[in-house]
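For reference, the structure discussed in these notes is given below.
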There are 2 protein chains.
Amino acid sequence: MDQEALLRAAAEFLGRRPNATQDEIAEAAGVSRATLHRHFAGRRALLDAVDALAVREMRQALDDVRLTEGPAADALRRLITASQPVSPFLALLYSQSQEYDSDEPGAAWAEIDEALMALFRRGQENGEFRTDLSPAWFSDALFSVVAGAAWSVKVGRAAARDYPAMITGLMLDGVLR
Amino acid sequence: MDQEALLRAAAEFLGRRPNATQDEIAEAAGVSRATLHRHFAGRRALLDAVDALAVREMRQALDDVRLTEGPAADALRRLITASQPVSPFLALLYSQSQEYDSDEPGAAWAEIDEALMALFRRGQENGEFRTDLSPAWFSDALFSVVAGAAWSVKVGRAAARDYPAMITGLMLDGVLR
DNA sequence: TTTACGTGAGACAAGTTTGTCTCACGTGAG
DNA sequence: CTCACGTGAGACAAACTTGTCTCACGTAAA
């Protein structure tokens, strides 16, 4: 198992069980605790690596989908689709970045949050999106819904292939017919 | 501090920090660890009590709002409003109920989940709600959005008084104008 | 074949958390 | 005033987790 795959497995498990012990994480990732330690020298290092992975992937997603191009709703759809690989651990990092003891991860997430809010603002300013709810809420809600969808997929309540449509449908149009 | 207030404070803190130690929980609740222990004899007992509190409050909310009466959308609005007191720790319990080691809490949550899905199905059958997304997803999404809103309120990104409108707006109508 | 490397298992020390208890104190009621 | 009660602080043992290391093994490449 290469380090990236190990890190991803650990991240996904931690996304579901923030309380997991190093033993449990290692087992879930299919390696021994010694091996986990060899790759990530301690829990702190592992958490930092998970955080860095999520930030990197979110930044990549933001770059790839070019949030500033085209209609805001289309950009949001692209982003939702691009978020799927990081979705199993996204909410873990984002919400805990507010509880984190280190300044740097928080700054990275703030930047990502700002990019999302800018997208929602753009949509509001050009008339695509409603203006009675705040961009900050939209950003938080998107993270929440992404996390919820990841969880649904993980526990088998939804199919992975439905991930984009589930979120897009709900975020853009809501449940009303 | 009476036991219920202590439990609620602990639950809210745990909702934000599932990893919190007993020391941290006690401090957040404004009591000593010894006192926390006197009320809840150990972490297991505390978690069980938090779970029972959330289940009780959700059941109360479901009873109060009478999900089977009136239009499904109105019932959903009533439920969203009624969920506010339990929102800070709802997602903690619901998502962890799937990871729980005890059968009973899972069963209680399954019952609550079923009531929610029944509401969404009712809405779909009578034409109020879209049918292309599943009631299971709607239920999961509601829990996620409720949790996200609670978090937004807690960290000051949204006002508590806006809680119902934030969720109702997003869940029912989405972000599109 | 040998060598290099990565690994798991197991051991052990250190660190942390938990469970539990005692003592002293403060508060409110009678 | 005394009594009853709840509490925090502190102590300590037990349990658990973490960090770290060594040894033996398996695998792949030369």
Side-chain angles (χ1 to χ4, degrees), chain A residues 1-54 88-89 91-93 95-105, chain B residues 1-54 88-89 91-93 95-105:
Chain A
M1 174 175 282
D2 69 29
Q3 182 161 324
E4 178 92 356
L6 172 56
L7 180 57
R8 177 170 297 281
E12 292 182 0
F13 192 67
L14 272 165
R16 292 172 55 205
R17 295 197 181 182
N19 274 0
T21 62
Q22 298 293 95
D23 263 335
E24 287 168 339
I25 297 165
E27 185 176 355
V31 297
S32 70
R33 184 158 64 82
T35 299
L36 184 64
H37 183 264
R38 287 189 189 105
H39 287 274
F40 307 101
R43 192 178 183 90
R44 177 81 274 162
L46 175 63
L47 291 178
D48 286 347
V50 169
D51 191 76
L53 173 67
F89 47 100
L92 168 73
L93 280 310
S95 60
Q96 290 200 356
S97 70
Q98 307 287 350
E99 317 278 358
Y100 226 22
D101 295 335
S102 160
D103 290 335
E104 193 176 355
Chain B
M1 176 175 280
D2 70 28
Q3 183 162 323
E4 177 93 356
L6 172 56
L7 180 58
R8 176 170 297 279
E12 292 183 3
F13 192 67
L14 272 164
R16 291 171 55 204
R17 294 195 182 183
N19 273 359
T21 63
Q22 298 293 95
D23 264 334
E24 287 169 339
I25 296 165
E27 185 175 354
V31 299
S32 70
R33 185 158 62 84
T35 300
L36 183 64
H37 182 263
R38 289 190 189 105
H39 287 276
F40 307 103
R43 190 180 185 89
R44 177 81 274 164
L46 176 63
L47 291 179
D48 286 348
V50 168
D51 192 76
L53 173 66
F89 47 100
L92 169 74
L93 280 308
S95 61
Q96 289 200 359
S97 70
Q98 308 287 351
E99 318 278 356
Y100 228 24
D101 295 334
S102 161
D103 289 337
E104 194 176 354

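Every chain is numbered from 1 and lettered A, B, ... according to where its sequence line falls, protein lines coming before strand lines. Keep in mind it's a predicted model, so treat the numbers as computed, not measured.
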(request) Mark up nucleotides 9-18 of chain D, 5' to 3', with B wherever a protein heavy atom is under 4.0 angstrom from a base atom, S wherever such an atom reaches only the sugar-phosphate, and - elsewhere. (result) B-B-----SB

(request) Check whether any side-chain nitrogen or oxygen of A:His37 sits under 4.0 Å from OP1 or OP2 of D:dG19, and answer yes or no. (result) no

(request) Could you list by number each residue of residues 2-10 of chain B showing a heavy-atom separation from DNA chain D of less than 4.0 Å, or answer none if no residue does? (result) none

(request) Can you sort out the partners of B:Arg43 under salt bridge (charged side-chain N to carboxylate O under 4.0 Å, His left out), two or more places apart, ordered by chain and number? (result) none

(request) Please state how far atom CZ in A:Phe40 lies from atom C1' in C:dT7, giving the value in whole angstrom units. (result) 15 Å

(request) Using atom CG of B:Leu46 as one end and atom C1' of C:dT18 as the other, report the distance to the nearest whole Å. (result) 13 Å

(message) Strictly distance-based, threshold 3.5 Å: is any side-chain N or O of A:Glu12 a donor or acceptor partner for the main-chain N or O of A:Ala9?
(response) no

Can you measure from [atom1] ([X]) to [atom2] ([Y]) and round to the nearest 0.5 angstrom?
X       : Y       : atom1 : atom2 : value
A:Leu14 : A:Arg16 : CG    : CZ    : 11.0 Å
A:Arg33 : A:Asp23 : CZ    : CG    : 5.0 Å
B:Leu53 : B:Glu4  : CG    : CD    : 5.5 Å
B:Leu36 : B:Arg38 : CG    : CZ    : 10.5 Å

(message) Looking at A:Gln22, I want to see if its CD is surrounded by more than 12 non-hydrogen atoms of other residues, nucleotides or ligands under 6.0 Å.
(response) yes

(message) Applying the Watson-Crick and G-U wobble criteria at under 3.5 Å, what pairs with D:dC5? Answer none if nothing qualifies.
(response) C:dG26

(request) Specify the closest pair of heavy atoms between A:Phe13 and A:Ile25, including all atoms of both residues, with the distance to one decimal. (result) CD2-CA, 4.0 Å

